[in-house]
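One structure is given here, and the rest of the page talks about it.
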Amino acid sequence: MAVLGVQLVVTLFTATLMHRLAPHCSFARWLLCNGSLFRYKHPSEEELRALAGKQRPRGRRERGPSGPSDEKPLLVPRDAPFQLETCPLTPVDALVLRFFLEYQWFVDFAVYAGGVYLFTEAYFYLLGPQEANIAVFWCLLTVAFSIKVFVTVTQLYFSVQGGERAVCCTFAFLFLLLAMLVQVPREDLLELGLEPGLASVTRNLEPLLKQQGWDRALPVATLAIRVGLAVVGSVLGAFLTFPGLRLAQTHRDALTMAEDRPLLQFLLYTSFLSPLFVLWLWTKPIARDFLSQAPAGASPLGLLSDSAFDSLRLWVLVGLCLLRLAVTRPHLQAYLCLAKARVEQLGKEAGHVEAREIQQRVGAQAERAWVTLQREGPPAQPRRLPAYQVARVYCYVTVVSLQYLTPLILTLNCTLLLKSLGCYSWGLGPAPPLSVAPSSASAGPVDPGEDEAQRTAADIAAALRGLATPLLLRGVLAFLIWWTAACQLVSSLFGLYFHQHLAAC
């Protein structure tokens with residue numbers, strides 16, 4: 001008999017399919033390179049010389065006393081009528097992007113993990129086998145890969161000398177304070193489920209710690225969980241700082257580009273405010289209490305039961321994630337149009353500008369974080385520098401895509417984990433029973449034939465069962481979902497204020 005039966009077969013088949021189909025069929029590649037996105041190409045050197053009214057010098061350069069003299073940089077008037085050509089973003093163009101392979105693998109893995117989760121949910125709903133859910137392992141891997149992507153992208157800002165590092169540290173300290181304050185309100189105001197989860201941990205670990213004479217360590221354990229959540233919230237807030245700032249910028253530009261499309265504007269506004277809806281879902285007086293006891297005359301009207309509200313909350317979270325995924329391309333296109341906006345900004349300035357700076361404005365989007373991506377250096381032949389600049393036109397698009405999609409993927413997989421590990425239901429059937437880990441005090445008598453290693457292993461297993469209770473998992477996962485939305489909302493609102501009032505100064 002197989003260890004996991006059908007689930008193990010589906011997992012192996014999915015892994016093989018993901019490996020075989022990646023070069024031919026990729027959702028990540030289709031999302032970015034299906035031809036609907038276009039990029040701007042920087043002016044060629046000949047076009048810039050024509051605008052400057054100069055011709056390319058012919059013949060050999062004059063030799064000075066120390067060798068050949070360097071050619072003077074080409075100066076172009078800032079108010080020159082620059083004409084930027086556009087071309088669609090294709091998979092062939094994406095091959096020069098350094099983070100494209102990481103982006104493609106991460107997004108495709110998240111898609112396949114979602115497929116495995118859908119299969120296991122249907123499998124458990126139809127057959128109801130008493131076995132472990134292997135989709136939980138896929139979701140945990142996706143969450144781990146999301147954190148890895150956050151670390152990789154944030155390293156770009158810590159690898160350069162500038163204000164980005166200070167911004168990350170400042171927001172990390174701010175979110176640390178906020179993460180500690182969030183745990184203060186009672187459950188009747190903010191129902192994250194931390195209080196019932198910590199109570200279940202205390203109830204399960206108290207007999208075990210008393211047997212070992214460590215009953216005084218029980219308050220320390222609960223305090224360590226709270227401090228750990230605050231630290232995780234601080235780090236997660238630092239990771240979400242620049243994605244939120246970037247989201248605010250692309251949201252403003254996408255709204256400007258969609259002036260004649262009211263439906264798209266409505267979707268963009270709803271997507272931008274989706275973290276606020278997530279915060280509302282866990283605010284008990286205006287969410288659960290309002291829907292379960294809606295005021296209707298003399299007697300309150302019960303619209304939803306507690307289990308129905310939990311199912312509705314899961315569906316709303318999934319729907320908001322899919323909505324944000326649906327408006328991915330307008331945000332990416334708004335970012336790509338920054339090249340034209342930066343070149344048009346030159347026309348409002350006086351004087352001259354070097355041709356290379358114009359190419360860099362179009363090619364690199366003036367991102368200071370991209371300095372770390374140039375560790376490999378330009379090509380060995382300096383004369384091929386314009387061709388090298390072409391590769392930099394859209395080199396930051398994959399990083400922006402990761403900044404946009406990673407919070408979405410993290411929230412979606414935490415929602416799926418909340419449903420599976422928290423013993424919730426989608427509302428299509430009865431919810432699974434909320435199992436409570438057995439207390440170590442109810443364990444059988446100690447066998448005198450057991451050695452010390454076996455007893456220690458049994459104690460460790462009992463402690464782990466006492467910690468990983470469904471109530472605690474409910475609280476931790478709800479906190480992560482709620483906190484991710486709060487960090488996105490704070491950073492994006494700050495980004496709106498920055499781009500509207502401070503960046504224009």
Side-chain angles (χ1 to χ4, degrees), residues 14-15 18 22 26-29 31-32 99-118 134-158 168 171-172 175 179 228-229 231-247 271 274-275 278 314 317-318 320-325 328 331-332 369 397-422 473 476-492:
T14 304
M18 180 174 58
S26 171
F27 176 79
R29 187 169 61 247
L31 185 64
L32 189 63
F99 280 140
F100 179 75
L101 296 179
E102 289 83 352
Y103 155 79
Q104 179 180 346
W105 189 91
F106 171 65
V107 175
D108 287 344
F109 183 87
V111 171
Y112 284 104
V116 173
Y117 189 89
L118 290 177
I134 201 171
V136 173
F137 178 71
W138 282 80
C139 293
L140 289 175
L141 281 180
T142 308
V143 171
F145 292 146
S146 302
I147 302 300
K148 179 181 180 297
V149 170
F150 277 135
V151 172
T152 302
V153 174
T154 308
Q155 283 179 349
L156 300 178
Y157 300 100
F158 276 82
C168 284
F171 272 87
F175 285 126
L229 289 177
V231 173
V232 170
S234 174
V235 175
L236 189 59
F239 289 159
L240 292 170
T241 297
F242 280 100
L245 298 178
R246 176 66 64 191
L247 177 64
S271 173
S274 59
V278 177
L314 294 176
L317 289 172
V318 174
L320 292 177
C321 291
L322 295 179
L323 173 62
R324 178 157 289 192
L325 178 63
T328 301
H331 284 87
L332 295 182
V397 175
T398 49
V399 179
V400 175
S401 303
L402 289 174
Q403 288 179 333
Y404 183 87
L405 293 175
T406 305
L408 183 156
I409 294 174
L410 176 64
T411 302
L412 179 59
N413 283 272
C414 287
T415 302
L416 300 181
L417 288 174
L418 177 63
K419 186 271 170 187
S420 299
L421 299 180
L473 294 176
V476 172
L477 292 172
F479 174 83
L480 290 178
I481 297 171
W482 190 92
W483 183 251
T484 301
C487 294
Q488 286 184 289
L489 184 63
V490 171
S491 59
S492 59

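Index from 1, following the sequence.
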Interatomic distance, CG@L140 vs CG@L421, rounded to 0.5 Å, equals 6.5 Å
Could you check if a side-chain atom of F150 sits within less than 4.5 angstrom of a side-chain atom of P407, using non-hydrogen atoms only?
-> yes
Tell me, do F479 and T484 make a side-chain contact under 4.5 Å, heavy atoms counted?
-> no
Check for a donor-acceptor pair, side chain of T154 on one end and backbone N or O of V151 on the other, with a separation under 3.5 Å.
-> no
So, do L240 and F175 sit near enough that their side-chain heavy atoms are less than 4.5 Å apart?
-> no
Is there a side-chain contact between R324 and T328 (heavy atoms, below 4.5 Å)?
-> no
Steps toward side-chain contact (heavy atoms from CB on, under 4.5 Å) verdict (L332, S401) = CA-CA 7 Å; L332 295 182; S401 303; 3.5 Å; yes
What is the minimum heavy-atom distance between L245 and S491, and which atoms define it?
-> CD2-O, 3.6 Å
Worked verdict on L236 versus L410 for side-chain contact (heavy atoms from CB on, under 4.5 Å) | CA-CA 11 Å; L236 189 59; L410 176 64; 4.0 Å; yes
Looking only at non-hydrogen atoms, find the nearest pair between S234 and A172 and report the distance.
-> OG-O, 2.7 Å
After noting the C-alpha distance and the side-chain angles of F242 and Q403, does the key distance pass the side-chain contact (heavy atoms from CB on, under 4.5 Å) rule?
-> CA-CA 8 Å; F242 280 100; Q403 288 179 333; 4.2 Å; yes
Looking only at atom types and distance, does a side-chain atom of D108 sit under 3.5 Å from a main-chain N or O of A22, one as donor and one as acceptor?
-> no
Distance in Å, T142 OG1 paired with F137 CZ, rounded so as to fall on 0.5 Å steps | 10.0 Å
Hits for side chain to side chain contact (heavy atoms under 4.5 Å, CB included) against L322, two or more places apart or cross-chain, chain-then-number order -> V318
Step-by-step side-chain contact (heavy atoms from CB on, under 4.5 Å) determination, L31 to L405 = CA-CA 11 Å; L31 185 64; L405 293 175; 3.9 Å; yes
With Q488, which residues qualify under side-chain hydrogen bond (donor to acceptor under 3.5 Å, both in side chains), at least two apart?
-> none
Short side-chain donor-acceptor distance under 3.5 Å, Y117 and S420 | yes
Quick one: CG on L412 to SG on C139, what's the gap to the nearest 0.5 Å?
-> 8.0 Å
Please examine the side chains of Y103 and L32, heavy atoms only from C-beta on, and report whether any two atoms are closer than 4.5 Å.
-> yes
Within a strict 4.5 Å, meaning less than it, do heavy atoms of the E102 and F99 side chains meet?
-> yes
Starting at CH2 of W483, measure out to SG of C414 and round the result to the nearest 0.5 Å.
-> 14.5 Å
From L229 CG over to L480 CG, what is the distance, rounded to the nearest 0.5 angstrom?
-> 7.0 Å
Do F100 and R29 come within less than 4.5 Å of each other through their side chains, counting heavy atoms only?
-> yes
Applying ring-ring contact (aromatic ring centres under 6.0 Å, His included), name anything that partners F106, two or more places apart in sequence or on another chain.
-> none
Can you measure from CG (L325) to CG (L320) and round to the nearest 0.5 angstrom?
-> 12.5 Å
Nearest non-hydrogen partners of L418 and A478, listed with the distance = CD1-N, 4.3 Å
Which pair of heavy atoms, one from P275 and one from A485, lies closest together, and at what distance?
-> CB-O, 3.3 Å
Please examine the side chains of H331 and L247, heavy atoms only from C-beta on, and report whether any two atoms are closer than 4.5 Å.
-> yes
Between W138 and F109, is a ring pair (Phe, Tyr, Trp, His ring centres under 6.0 Å) present by the stated rule, with each step listed?
-> CA-CA 9 Å; W138 282 80; F109 183 87; 5.4 Å; yes
Answer yes or no: is there a donor N or O on one side and an acceptor on the other, between the side chain of T415 and the main chain of L314, under 3.5 Å?
-> no
If you take all heavy atoms of G237 and C487, which pair is closest and at what distance?
-> CA-SG, 3.6 Å
